[in-house]
Amino acid sequence: MGKSLTRKILEPRILKGSWEPGTEIGIRIDQTLTQDATGTMAYLQFETMGIPKVQTELSVSYIDHNTLQVGFENADDHRYLASVARKYGLYLSRAGNGICHQVHLERFGKPGRTLLGSDSHTPTGGGIGMIAIGAGGLDVAMAMGGGPFYMSCPKVIQVKLKGALQPWVSAKDVALKMLELFGTKGNVGCIMEYAGEGLKTLSVPERATIANMGAEMGVTTSIFPSDETTLAFLKSQGREEAYAELAADADAEYFKTVEIDLSELEPLAALPHSPGNIARVRDIAGTPVQQVCLGSCTNSSYRDLATAAKVLEDKVSHPDVSFVVTPGSKQVVRNITKDGYYDMLVAAGGRFVEPCCGFCIGNGQSPNSGGVSLRTSNRNFEARSGTQDAQVFLVSPETAAAAVITGRITDPRDLGMAYPQVEAPATFLVDDRMIIRPEETPDPAAVEIQRGPNIGEPLKSEPYPADLVGLASIKLGDKITTDHIAPAGSRMKFRSNIKAYAEFVFENVDADFSRRASASRDAGVHNIIVAGASYGQGSSREHAAICPAFLGVKAVLAQSFERIHAANLVNFGILPLIFKDEADLAKVDASDRLEIPGIRKAIAEGTAIIVQNRTKGTSFEVKVELSERQRAIVLAGGSLAHAKESK
Ligand code: MIC
Ligand code: SF4
């Protein structure tokens, strides 16, 4: 039996374990990326490791998330990150240079390499044949220190593409089709590997869009082969030396294979409030729209903006529509300017924001109350836009542009126009002057780290308690996202300061949670979060574990967990407990007193764990699905404490 492309890249990099899907492996990481919102904490943790220089082939620190700078906090973070990059030998992509995933694809990604990023959309790099994985900041810090990244040896799913997309149907519709087929839960531990003759009809930015939104399915990553299309893209970036031809063996073995006929797809949308609520645009057409946002790491390439520009040429946005544009990178801005598309978008009423995450994360451009916002981004979780009751729909640039014109959700095929085909430039105008290279710092050891008052400290850990004597501090439903746990938007400026950020935990779900949890922590009672299925969807932000840990949360009891969040919980000494019988969720209510006598011993020995509900006088069994390594981490109180113990 031949090998999948995933296996060909990962197997030679296995440092711990072996290729047995479902078991834990530790892999070597070639490249890392961080962004400012997760990066400050990652580097604060890296600093505690006492390593003089990053140990990877290449590590890049991006500033792209918090660029609004309302108050001094973000600017302080940026200064801190710049000084860290100089001291430890990283590339720094300055604020204004673009969104990490877009810039990494353009300037640094290499087919066949592993990339670990402290952002859940790191898999965008799969568009050029990388195994690119999102993780918590601490895992990325460990990888920068040369340590292995631990993951579940993947179940590789082959996605065979055939045919070609019809006019007005684009890569976003493929990504949404995948979400319709696979949903947003139940895909933990899988990697999507694309193949088939339909591949050759998809450009690199289109492949990257599809790989990007694999994150919403909860897969470890997605990967495309590296072929002539990849070579043409790298050439257009002046980086053909990075090219390597890569594909799976013809007789490769897969966990399963699905087939998608591109020619059968039509414009799709994800309805509020989940990327998994898929509908045909045609079926929701007519809904009045108040905002359209074009951009985010999913759809902000030259191709996306130029296509929208051509649709909007000589037109102006509907009077009821606010039309926002965030290009993916400075390179995109300069190239669409050179080719006249920037002007077309501005003329159509486009409200340009610098190349950054912006609207996607609720950092500005929040919709009006109850407003319908059509966005080309990848997440439409409740309140993520910054407006609690906004209705966010995720669509392709084509569908977004159609709504700009009509003021209603419109199937772009009904515009009655010829589909504007956009050719990507054979050579992009490339300008890397907003990237500070490690070589520019002659004496890294002499660099002083700049810390403003917003820069806090890493979490102080303590060993796991012998007995859990706690309280169900909150009870939640299914698909609780990291946006529910640690809100983004205007709260993101506290990312470098755990104590300040912890005040907002579950803010939009239960505004009193943080106060209550601190009070029980101070009274010596352990806080326990109780939830349904797929807890921790979405972002890689480890703050969704760090802040609860700071508030004295010792366990999350759920029906199932998403991959990155479960790893983050372990990294910060919170035990992810899974109901053995899902129905037992009904046996717990908020404020119940829950106890697990002898929990420490049970984790160490791997014996059965029984939760006693003292309020109800009942009990039920829970499971711990952790490797031996992870159990040791939880017992130590988290990864940093564990690493110190093991020295
Ligand atoms: C997101 O899209 O939710 C973010 C903001 O990019 C996060 C990272 C963060 O919370 O800083 C992600 O996707 O991991
Ligand atoms: Fe930025 Fe949005 Fe992409 Fe996250 S999903 S990296 S916030 S653009």
Side-chain angles (χ1 to χ4, degrees), residues 33-42 61-68 74 77 81 93 95 98-105 116-125 132-137 139-140 175 208-209 211-216 218 221 275 293-301 304 324-329 332 353-365 375-381 383-386 392 394 481-496 501 504 536-547 562-565 567-568:
L33 71 78
T34 57
Q35 39 88 343
D36 51 308
T38 53
T40 49
M41 200 44 71
S61 171
Y62 290 92
I63 301 178
D64 56 359
H65 274 63
N66 291 321
T67 56
L68 261 188
N74 297 152
D77 287 355
L81 291 171
S93 174
I99 307 177
C100 53
H101 310 304
Q102 174 70 22
V103 178
H104 207 84
L105 200 69
L116 192 71
S118 63
D119 191 282
S120 64
H121 290 103
T122 304
T124 312
I133 302 177
D139 282 337
V140 177
T209 294
N212 173 286
M213 271 194 93
E216 276 50 69
T221 191
C293 298
L294 179 63
S296 95
C297 60
T298 321
N299 281 112
S300 60
S301 64
D304 294 323
V324 177
V325 190
T326 57
S329 65
V332 170
V353 181
E354 67 179 306
C356 66
C357 295
F359 72 80
C360 174
I361 195 63
N363 249 335
Q365 304 296 348
R375 299 177 165 215
T376 62
S377 44
N378 46 38
R379 290 187 174 146
N380 57 349
F381 303 145
R384 178 176 164 101
S385 65
V392 177
L394 307 176
T481 72
T482 48
D483 280 318
H484 290 116
I485 309 168
S490 59
R491 305 306 189 198
M492 272 167 99
K493 66 180 184 185
F494 301 114
R495 284 289 181 88
S496 318
Y501 198 31
F504 306 110
Q537 284 195 353
S539 148
S540 68
R541 67 190 71 142
E542 58 190 355
H543 303 77
I546 301 179
C547 294
E562 286 304 306
R563 171 187 70 88
I564 305 180
H565 188 61
N568 285 339

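Numbering of ligands and ligand atoms starts at 1, following listing order. One is the number of the first residue; the rest follow in order along the sequence.
- Numbered from 1 in the order shown, with element, the atoms of ligand 2 that lie under 4.0 Å from a heavy atom of His65 read 1 (Fe), 4 (Fe), 6 (S), 7 (S).
- The shortest contact between atom 1 (Fe) of ligand 2 and any protein heavy atom is with Cys357 SG, 2.3 Å.
- Checked by atom type, the side-chain pair His121/Asn378 shows a donor-acceptor distance below 3.5 Å.
- Near Ser540, meaning under 4.0 Å from one of its heavy atoms, ligand 1 places the atoms 12 (C), 14 (O).
- Less than 4.0 angstrom separates some heavy atom of Asn378 from each of these atoms of ligand 2: 5 (S).
- In the vicinity of Ala37, heavy-atom distances shorter than 4.0 Å reach the ligand 1 atoms 11 (O).
- For atom 8 (S) of ligand 2, the closest non-hydrogen atom on the protein side is Cys297 N, 3.3 Å.
- In summary, the side chains of Thr122 and Asp119 do not present any donor paired with an acceptor at a separation below 3.5 Å, with no hydrogens or angles considered.
- Side-chain atoms of Thr40 and Asp77 include no donor-acceptor pair closer than 3.5 Å.
- Near His101, meaning under 4.0 Å from any of its heavy atoms, are these atoms of ligand 2: 6 (S).
- Shown in contact with Ser539 at under 4.0 Å from a heavy atom are these atoms of ligand 1, numbered in order with element: 3 (O), 7 (C), 8 (C), 9 (C), 10 (O), 12 (C), 13 (O), 14 (O).
- Nearest-residue assignment for atom 11 (O) of ligand 1 (options Arg384, His65, Arg495; heavy-atom criterion): Arg495.
- The aromatic rings of His543 and Tyr501 sit perpendicular, their planes meeting at an angle over 60°, well past the 30° parallel limit.
- Among the backbone and side-chain atoms of Cys360, none of the N, O or S atoms lies under 2.8 Å from atom 3 (Fe) of ligand 2.
- At a heavy-atom distance under 4.0 Å, no atom of Gln35 approaches ligand 2.
- Those atoms of ligand 1 with a heavy atom of Asp119 less than 4.0 angstrom away are 4 (C), 6 (O), 7 (C), 8 (C), 12 (C), 13 (O), 14 (O).
- Near Asp119, meaning under 4.0 Å from any of its heavy atoms, are these atoms of ligand 2: 6 (S).
- Of all atoms in ligand 2, numbered sequentially from 1 with element shown, those under 4.0 Å from a heavy atom of Ile361 are 7 (S).
- Not close to ligand 1: His543, with no non-hydrogen atom less than 4.0 angstrom away.
- A donor atom on one side chain and an acceptor atom on the other are not found under 3.5 Å apart for Arg384 and Ser377.
- Under 4.0 angstrom from ligand 1, the non-hydrogen atoms of Ile361 all belong to its side chain.
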